[in-house]
Every structure is written in C-alpha cells, then in structure tokens.
There are 2 protein chains.
Amino acid sequence: MKKTSLSDIANHLGVSKTLVSFVLNGKGKEFRISEEICKRVIEVAKEMNYQPNRIAQGLRTGRTNTIGLIIADIANPFFGILGREIEQEAARFGYRVIFCSSDENPEKSRQQIAMLQQSQVDGYIISPPKNSEDQIRSLVRGHVPFVLIDRYFPEIECNHIVVDNFDAAYRATNHLLKLGRKKIANITVNLGLVNMIQRTEGYKQALKDANIPIDENLIKILPFSHENKDVAKAIKELVGKSAQNRADAILFSTSKLGINGIESISALGLKIPDDIAIVSFDNPDAYKICISPVTVVNQPLKEIGKTAVQLLLNEIKHPDSPPKLQEIILKTDLIIRKSCGS
Amino acid sequence: MKKTSLSDIANHLGVSKTLVSFVLNGKGKEFRISEEICKRVIEVAKEMNYQPNRIAQGLRTGRTNTIGLIIADIANPFFGILGREIEQEAARFGYRVIFCSSDENPEKSRQQIAMLQQSQVDGYIISPPKNSEDQIRSLVRGHVPFVLIDRYFPEIECNHIVVDNFDAAYRATNHLLKLGRKKIANITVNLGLVNMIQRTEGYKQALKDANIPIDENLIKILPFSHENKDVAKAIKELVGKSAQNRADAILFSTSKLGINGIESISALGLKIPDDIAIVSFDNPDAYKICISPVTVVNQPLKEIGKTAVQLLLNEIKHPDSPPKLQEIILKTDLIIRKSCGS
DNA sequence: TATTTTTGCTAAACCGATTTAGTAATTAAA
DNA sequence: TTTAATTACTAAATCGGTTTAGCAAAAATA
C-alpha cells in the first residue's frame, strides 16, 4: 500500500533511477535510452501506479508548479468567479492554486505572502489591500513573479490587469444623464484604492461634462467594513423624506453596496426606477431577478483571470527576460436592464 | 537577495544546522541547547529573515500542512462561502488549501485527486460528484485522511458532514401546506446524489403525511447541466396558461434553479406569492432583494466548513487511531420571507 | 581516583526526485 | 590495428530541511 517511488521502479527493473527519471520525463531519446527499456519503464510505472512526488521534484528543481492567489474574499461572487477562472486557466498549464482571502487586511495579506513564500510558490496573483504597498515592493525587489488584479498602486511599476474604472463610471453616469436624471448620487466605499477612487472620478467627470455641478452631499463614502445599516443611513440621507436635495439616481460602486441599497430603498417604500434609478458595478445574480432588474457595469472576469495567469506563467518561464512589464486595462460593458427607466 | 537557509544561519554562527533546526523548532530545551545559543540563533534567524522551506520540510517529514479541497464550483456562492470557512479554519491551524472545482465531473475529480496526491496533501475535503464512488473507495483503502461534505455515498463508510435534507424539505413543504397550498411542485436536478434525492423524498413525505396524493407531473427533475431555458420549460409546464393541473407552489432544490425559476415566473407575468408561492434551498443574496424576498432553507455553512476541517485535522493527527468514523448530520433552518404569502 | 552520568553539541543519513559527470562496451574512422 | 566516437547506461551530488546516533568535556558519583 506504500507509494511507489522512482527507486522502486528502478529496482524492479534492475536499472538506475537516473534512467527511470529520464524516461518518465520524456528525455529517453535525448539521453539515448534504448527503445526497449523505455517501453518497459513506462509499462512498469503504470503497473505500479507511480505518482511522482511533486514535493521532492520541487525541492530539487526549485519549481513547484503552484501559484498563490490572494484576493479579498472568495465568498464574494466577484472574486469567486475570478478565482474560478484563475484555477481553470492554471490547471490547463499544470499549475495548482492556493487560495487566500485577505479580507482587505494588509496584515493578513502579509502573513499570506510569507506563507506562500515558504510554500515555494512559483508566483503570485494578488488583489492587494490598502496599505500593502511595502509588500508589493518587496516582491518587486525579490524579482518574484507576480501580477496584480482588480487594483494596483500607480507609484509601483509592476504587472497589473484592471478595468478602466474611470471610463466605466463615466459611461454609467452618462447613461443616467441621458435618461434625464439630474441629481445623481454615488455610494462608494472607503477602500483607499485606485479602483474605487477612479469610479468616483469618472462619475464626477460625467457630471462636469454635462455642466452639472458636483454636490458633495450626493457622494457617500462608506467605511470599509460597512454594514447594512450604514447603507440604509446613506440611502435615507439621499432619498428619505427629510432629504433636502433628493437624489433621483444612484451609482453604486460595488454590488455589495447595491444589494444592501436596494433592500433599503424597498424598505422605504420607494420604487425603482420611478422614484429612483440605479446603476451598479458588478453583475451578481441578484440583479437579474430583483424588483427591477439592475443595469450594471459588467467586468470581463473571464478575461481578467485568464490574462493574469498567462502573464504570470510567462514571467515564471522567463525569469530573467527583459522586464517588460505589462499594464493591461480592459473595458467593461454596460448591461442595460430596467432599473434606470427608459 | 538569495533566500536564507538553515545552513546559512549555522555557518554564520559557527554551529551545526542540526542545532539551528532544533532551536527553531522549539526543541532547544529538549535537546539541552544552552540558553545563550538559543537566543543567538533566534536573533540571527530574524536578522537574516529566515523563512523555512516548507517543501524541504515536507519531503523529510512527510507532512505538507496542506489540504486539498474538491468542490463543484468555487464560483457558486454556496461553495464560495463553504470554501471561505474551510480556508479560514485551516489557516487557524497552519494549513493551506488547494482549491479544485470539479464541475460535478468525476473524471475531473479523479484527475484532481491524483494531482493533490502528487502534491502530498495531508488530507482531502471533498464534495464528491456522481460516479466517483471508486475514487472515494480508493481513498478509504489507502487510509488517506478525508472528509466528505454536502453529499456522501450511503454504501461507503467514511466521515461525512451533511445536512438533514429530508427533514429540511419536509419542513419547507409543510410550511407551504400550512399556508394553504395544495398543488406543490418540486423542481430539482438530476445529480444522482443522495442530497438531492432526499430533498425530493422529504417533499413527498410531507405531502403523504398531509394526505395529498403525489402527482409525478409536479416533480421536475432537470438534467445536471440545465440552462435557463430548461427551467423556463419546467415552469411553463407547471404554471403556464396551458398547464392542466396548475401548481400553486414550488419547492426549488437549489438556488440556481430558484433564481432561474423566478426569472421565468416573472417573464410569464405571474406574481409571487399571489399566483405562485416559492421556497428554495440555499440562501443567496439574490433572494433577499428579489420581487418578493424568498423563503429559504438555510444551511449552516459555517459549521459545515469548520467541522470538516476539525474532523480532517483530527484524522491527520491521529493516523492510526481506531477508525471511529463520524457521520455528522446538521439541521437547517427555514428563513421565512414573503414568497409564500401568509 | 576511577567510573558513570550529564551536558552541549555535531556528523551523517534520509526524504524522492533531478542533474552532472563519467564509464564500459561497441562501432567507426584512421 | 590503434584511436576516436558513439551508445547505453550509472554513481553520486544536490535541493533544504529533520532526525538518529554518537562524541568530547564537564560534573557527579562511587
């Protein structure tokens, strides 16, 4: 019942384990092992159900065929779908993925990077939390292959794959403007990361270009660890009875905000889109079946995941090639449903 | 910039790497290394930013502190949340998790188990697809630590953690009966696994106990890889205009079915709960904000995940203890919202 | 004083693969 | 016939740790 090792096969055939290793790595020709022996080795390996010990392999070669993935939270469908794509693409190339949820906590991500480093992963795909710049910089210094996704730090030169958040928010806001909305609010979260900031910037620019003055009261930046009640409060301030400058539309910067927001809007007895129009980033199932299906900024998750893996594997395979770093900015698409009226 | 190894520390201090290993493993006392040297070693290890090579450690000790997780699809929030709990609990005990999505495909799960075996994982947490009995049996034969979650094979004796699906469906159906529904349908999926079968059994039993004859036309078993249109067809047959024996309630056995189902119901212009009441398994966000928030069978995902890890680690730590296998059956709770009327 | 025990430490084997350097036997070339 | 080249293979080092067995010096005991 014990596992079969290279030596077991070698002993069984009366040859050296060197030979067995060569053959099973497809280097039989290269090292001119006779056809006959090659065949026997492969045969016996199958018979004895030989499974190479990747840990031993990894120790010797320095490559583990494993990549480390650090995202905010795998339970969040946004990262769930992204994680799935990454897992799938990695598997295509024979790579395993160790998943880590950092909860946007830089201390956690620091520990996770250390853990992954000890595990000798070949590279990292990271969605870095606020205040993790030093961690990323130390990866750069260590010449460790890695790719950032979803966000990045403008001051650190490194591979990253993100969407054009400015453009996405601009277009979403414009969509609301075109449908006649004038008092457009933005509910976002204080992540302190470029992606969120750019969303609000895009929103502002669209208003500016439409000659609508920006009303800071219509921009609600919630604390990172916001709960339902925080969103409810923001909604009340924007569209509640006592709101002075009632909003007629809301752009939600995340789907978590949007889902909570819709709950609050319903609780206030308001109708979407009649009383209030909404657009949200991300495209969870919830938006397809809710009271009034939600118009969303859809991110190309499949492409982000695939590209991240490909970029990373390219780095891994060419460790000392000229460091032509890649900044990939993908476009989003606006899926128009019923939440903005027509 | 090269990584620090045990030998580096040893050389730097002019001691043996044996000593350094002892000290850093907290065995200084046990092997009576002098206080002074212990202190120096720890000091220097920190100074040189020593990170143990877990791969080398794993090779020697035979334990990698890694567990393999095989689920249907990490992009599915049900498994996303479960995966998250497992990752978190594993991390508490210093374990990493390699995530694999099998897509309910036994060939994929077979490959994934082989891959994980080669990676020398210490144990497995598996949500086994249909027709993977042989794979599970071979784990049993190999005395490999593992725990099944969400489903299991009644004919294979092994650790598993599931919910009482029969009871859950029974109670959900009863809830509909108490609210006066008579023609209750069940839309489920042909996974061929006990969990789904028991849901339909619980549903049937509740009807029997209420002296309502079972109408097989009201039970729609969709193919595993069902799409929106399959659900739409089933819905049409149950509540469409030309339906002869119109259903007045539906129990959805998964949230994927339920979400698609609600879309179809809306498309037909029917109102929930007036025209049709619904109850669904699982508790995705979507159900909280949809037209009429959905009454659901909520599974204790946190507990399933935590318990699975604890059970597994217990197995891993006591490899040859009496194999007192655990069959853990957790209760679900019915969260009552508005989709059944009142 | 001689012997035993304890203290503080190290050498070397080992885990299971890869890889470098090399060797004996055969064949080809000079 | 001698030398060179080729063929078919192997021994041993290596990766970075852990672990077993053991050794020299000091301390304790007889």
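In what follows, chains are A, B, ... by sequence order, proteins preceding strands, each numbered from 1.
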On a heavy-atom basis, which atom in [X] and which in [Y] lie closest, and how many Å separate them?
X: B:A72; Y: A:R84; value: O-NH1, 4.4 Å
X: B:G58; Y: A:I55; value: C-CG2, 4.4 Å
X: B:P77; Y: A:P77; value: CG-CG, 4.1 Å

| query | Judged by atom type as modelled, is there a donor-acceptor pair below 3.5 Å linking the side chain of B:Q112 to the main-chain atoms of B:I70? | reply | no
| task | Taking side chain to side chain donor-acceptor pair (under 3.5 Å) as the test, write out the residues that go with A:K108, two or more places apart. | result | A:D103
| request: Test salt bridge (charged side-chain N to carboxylate O under 4.0 Å, His left out) on A:R110 and A:E107 and set out the steps. | output: CA-CA 5 Å; A:R110 208 185 50 68; A:E107 176 53 23; 2.9 Å; yes
Output the rounded distance in Å from [atom1] ([X]) to [atom2] ([N]).
X: A:L6; N: D:dT14; atom1: CG; atom2: P; answer: 20 Å
X: A:F22; N: D:dT10; atom1: CZ; atom2: P; answer: 10 Å
X: B:R63; N: D:dT18; atom1: CZ; atom2: C1'; answer: 11 Å

Expected rows: protein N/O vs nucleotides 25-27 of chain D N/O, under 3.5 Å:
none

Which atom pairs, one a donor and one an acceptor, fall under 3.5 Å between side chains of residues 6-21 of chain A and the rest of the protein, sequence neighbours left out?
from, atom 1, to, atom 2, distance (Å)
A:D8, OD2, A:S5, N, 2.8
A:D8, OD2, A:S5, OG, 3.4
A:N11, ND2, A:S7, O, 3.3
A:S16, OG, A:L19, N, 3.2
A:S21, OG, A:N25, ND2, 3.4

| query | Which distance, rounded to the nearest 0.5 Å, do you find between the CD of B:Q120 and the CG of B:L59? | reply | 8.5 Å
| message | Using a 4.0 Å cut-off on heavy atoms, which residues in residues 27-52 of chain B reach DNA chain C? List them by number, or say none. | response |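 B:F31, B:R32, B:I33, B:S34, B:I37, in order of number.
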| task | Give, ordered by number, those residues of residues 14-21 of chain B having at least one heavy-atom distance below 4.0 Å to an atom of DNA chain C; if nothing qualifies, reply none. | result |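 Hits under 4.0 Å, by residue number: B:G14, B:V15, B:S16, B:T18, B:L19.
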| query | Tell me, do B:C100 and B:L116 make a side-chain contact under 4.5 Å, heavy atoms counted? | reply | yes
| field | Residues which pass salt bridge (charged side-chain N to carboxylate O under 4.0 Å, His left out) with B:E35, listed by chain and number, not counting sequence neighbours | value | B:K29
| Listed once per pair and sorted, the ring-ring contact (aromatic ring centres under 6.0 Å, His included) pairs that draw on residues 74-114 of chain B, sequence neighbours left out | A:F99-B:F99
| If you look only at pairs with a residue in residues 27-56 of chain A, which of them pass as a ring-ring contact (aromatic ring centres under 6.0 Å, His included), with sequence neighbours excluded? |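 Every pair satisfying ring-ring contact (aromatic ring centres under 6.0 Å, His included) with a residue in residues 27-56 of chain A: A:F22-A:F31.
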| task | Compute the angle between the rotation axes at the two ends of the helix from C:dT1-D:dA30 to C:dA30-D:dT1, each taken over five pairs, rounded to 10 degrees. | result |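 Axis angle across the helix from C:dT1-D:dA30 to C:dA30-D:dT1, nearest 10°: 60°.
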| query | Which nucleotide span of DNA chain C, 5' end to 3' end, has atoms closer than 4.0 Å to non-hydrogen atoms of chain B? | reply | C:dT7 to C:dG16
| said: How about NZ on B:K317, more than 12 heavy atoms from neighbouring residues, nucleotides or ligands closer than 6.0 Å, or not? | reply: yes
Going by atom type alone, with no hydrogens or angles, which donor-acceptor pairs under 3.5 Å involve a side-chain atom of residues 147-162 of chain A and a protein atom two or more places apart or on another chain?
from, atom 1, to, atom 2, distance (Å)
A:D150, OD2, A:N195, ND2, 3.4
A:R151, NE, A:S127, OG, 3.2
A:R151, NH1, A:E104, OE1, 3.0
A:R151, NH1, A:P128, O, 3.1
A:R151, NH2, A:E104, OE2, 2.6
A:N159, OD1, A:Q326, N, 2.7
A:N159, ND2, A:E315, OE2, 3.4
A:H160, ND1, A:C158, O, 3.0
A:H160, NE2, A:E327, OE2, 3.1

| task | Please list all pairs passing the side chain to side chain donor-acceptor pair (under 3.5 Å) test where one or both residues lie in residues 303-312 of chain B, with sequence neighbours left out. | result |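 Passing the test, one end in residues 303-312 of chain B: B:E89-B:Q310.
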